[in-house]
Amino acid sequence: MKRRIVSTVLTLALGITGGAVGARMFPANQPLPSLTAKPALASEIHLDPPMQGDGVADLVEKCKPAVVNIDTVSHRTVSVPQFDMFRDFFDQGPGGQQMQAPQQQEVMKGIGSGFIIRDDGLILTNNHVVKGAEKLTVTMADGKKYPGRVLGADPGTDLAVVKIDAHNLPTLQLADPKTLRVGEYVVAMGSPLGLQQTVTAGILSAINRNISLNARVAFLQTDAAINPGNSGGPLLNIHGQVIGVNTAIARDGQGIGFAIPVDTLNAIVPQLEAKGHVDRPWLGVGVADLPEDKSQMFYPVDHGVLVGTIEPNGPASGVGLKRGDIIESMNGQSLDSAAQLIQKVGNLPVGSDVALLVNRSGQEKTFHIHLGKMPAKLADASPDQNEGDGN
């Protein structure tokens, strides 16, 4: 069974563990080791200079002014609790008509993080931080508060852009996606559990993680501590550049957090700023992973993506694709999962032409498809690759 991943808004169980300390024994005829021995040189420890001494502190001092706290207020309609206790007795009105339970408005407050990407007050955060917000307050590192408004949001990738009326603000720079390396030091900043300007550090544990939270995003994985309230905050490299947006944690694990990568930011943020929404490219094909156990059926290849459905009026209709075809590659790039295809298509602009190498019963053929614009009802969804949904 695939392990489920949940967003940072879920409850987190905290635990404390202790370690046993043992005493080292030395022979009586040998002197005890000196307690004033010269410490090892930095060059002998083989740590990157930015993480030594005041390296992290210098990074935090540089980046802290551009990291913000986001407080939201919204309302939802709920049934009156007292009525619910007795509705089994009073659910029938005159003439046997169903009575409606009394309703009341409940105030909902949320806490999240964000960071400034342009000095005129353009802020990047998660969509789930600001979703449904009727009032939005942005608090700077120096405590100054600004009313904010959502300039654009994309539920499909869980990104949103917020605007405040200010000028000459400190900003964070986005990193070059090509420079990301597994094992490099990273720093997470944000407001976990409402504790503003909290800093945690770790390493980049993995890249291109496909998790059930959202098949459209190839997440970064980190062991830097991320908790509820960190959502929307930056994940930084040792140069203080943003490599991702902290978004999710693993409910059943420790030291397993996820961030939306910088290449997704590059593709989505300009559209959110310009139009307030994302025009998502559409292939018009429902896809699924090849089964791990291929013994039950004949599969001519050991990699690729299985075609499950073809939208009747979608871009792929009429080109010759059939249910059961295996897409081996797109534009010459090999495919190992449905999520990979979804992500590769998603990083292209609407109107792009793609070449699909397809294997049908051992015979290979290339199909050329002109990507259309995904219908809104599909564009706002977060497809699960195992359900064959998405492109």
Side-chain angles (χ1 to χ4, degrees), residues 7 124 126-128 130-132 150-161 177 208 210-219 245 247 260-289 304-323 325-327 329-331 333 335-358 367-391:
S7 68
L124 185 57
N126 281 134
N127 174 70
H128 77 257
V130 299
K131 181 179 180 181
V150 179
L151 201 62
D154 179 40
T157 55
D158 196 18
L159 290 173
V161 171
N208 296 322
N210 296 319
I211 61 178
S212 60
L213 178 66
N214 192 335
R216 285 203 180 103
V217 178
F219 287 91
V245 177
T247 300
I260 301 171
V262 63
D263 52 353
T264 301
L265 311 187
N266 290 333
I268 299 299
V269 172
Q271 295 190 64
L272 293 182
E273 181 188 358
K275 300 177 293 187
H277 66 277
V278 173
D279 290 333
R280 185 157 280 112
W282 190 37
L283 190 60
V285 176
V287 292
D289 291 346
V305 177
L306 188 64
V307 175
T309 60
I310 301 173
E311 291 291 329
N313 298 316
S317 63
V319 302
L321 275 177
K322 294 183 178 180
R323 178 183 174 87
D325 284 347
I326 299 175
I327 304 175
S329 66
M330 186 186 83
N331 293 342
Q333 296 180 317
L335 297 171
D336 293 314
S337 69
Q340 278 188 336
L341 177 62
I342 292 171
Q343 292 153 12
K344 290 181 184 299
V345 170
N347 286 334
L348 296 173
V350 174
S352 299
D353 292 315
V354 299
L356 302 181
L357 177 63
V358 171
F367 295 91
H368 297 274
I369 300 173
H370 188 74
L371 297 180
K373 177 181 175 181
M374 183 177 290
K377 65 179 181 179
L378 298 178
D380 288 343
S382 297
D384 187 322
Q385 59 173 328
N386 287 338
E387 295 174 0
D389 194 11
N391 278 315

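Numbers here simply count residues along the sequence, with the first being 1.
You'll find the side chain of M374 stays beyond 4.5 Å of the side chain of V350, heavy atoms only. In this structure the side chain of I326 never reaches within 4.5 angstrom of the side chain of V358, judged on heavy atoms. At least one side-chain heavy atom of V278 sits under 4.5 Å from a side-chain heavy atom of L272. In this structure, L265 and I260 have side chains that are in contact, with non-hydrogen atoms separated by less than 4.5 Å. A heavy-atom distance below 4.5 Å is not found between the side chains of F219 and N210. Residues L283 and L371 are in side-chain contact: their nearest non-hydrogen atoms beyond the backbone lie under 4.5 Å apart. Using a 4.5 Å heavy-atom threshold, the side chains of L321 and I369 count as touching. At a threshold of 4.5 Å between non-hydrogen side-chain atoms, the residues D279 and Q271 count as touching.
Remark: side-chain polar atoms of N331 are paired, donor with acceptor, to backbone N or O of A355 under 3.5 angstrom. Checked by atom type and distance alone, the side chain of Q340 pairs as donor or acceptor with a backbone atom of D336 at under 3.5 Å. Between the side chain of N347 and the backbone N or O of T264 there is no donor-acceptor pair closer than 3.5 Å. Although no hydrogens or angles enter the test, the distance criterion places no donor-acceptor pair under 3.5 Å between the side chain of D158 and the main chain of N126. In terms of modelled atom types and a separation under 3.5 Å, the side chain of H370 and the main chain of G351 share a donor-acceptor contact.
The two atoms that bring N214 and P155 nearest to each other are ND2-O, 4.5 Å, heavy atoms only. Of all the heavy atoms in G372 and P315, the pair that sits closest is N-CG, 3.5 Å. When all heavy atoms are compared, the tightest approach of F367 to G320 is CE2-C, 3.6 Å. The minimum heavy-atom distance linking M330 with L356 is given by the pair CG-CD2, 3.5 Å. Across Q333 and K344, no two heavy atoms sit closer than the pair OE1-NZ, 3.4 Å. For the residue pair T247 and H128, the shortest heavy atom distance occurs at O-CE1, 3.7 Å.
Screening V287, I327, D289 against L335 for a side chain to side chain contact (heavy atoms under 4.5 Å, CB included) leaves a single residue, I327.
Counting heavy-atom neighbours within 6.0 Å of K275 NZ, excluding the residue itself, gives a total above 12. Other residues, nucleotides and ligands contribute at most 12 non-hydrogen atoms within 6.0 Å of the CG atom of N313.
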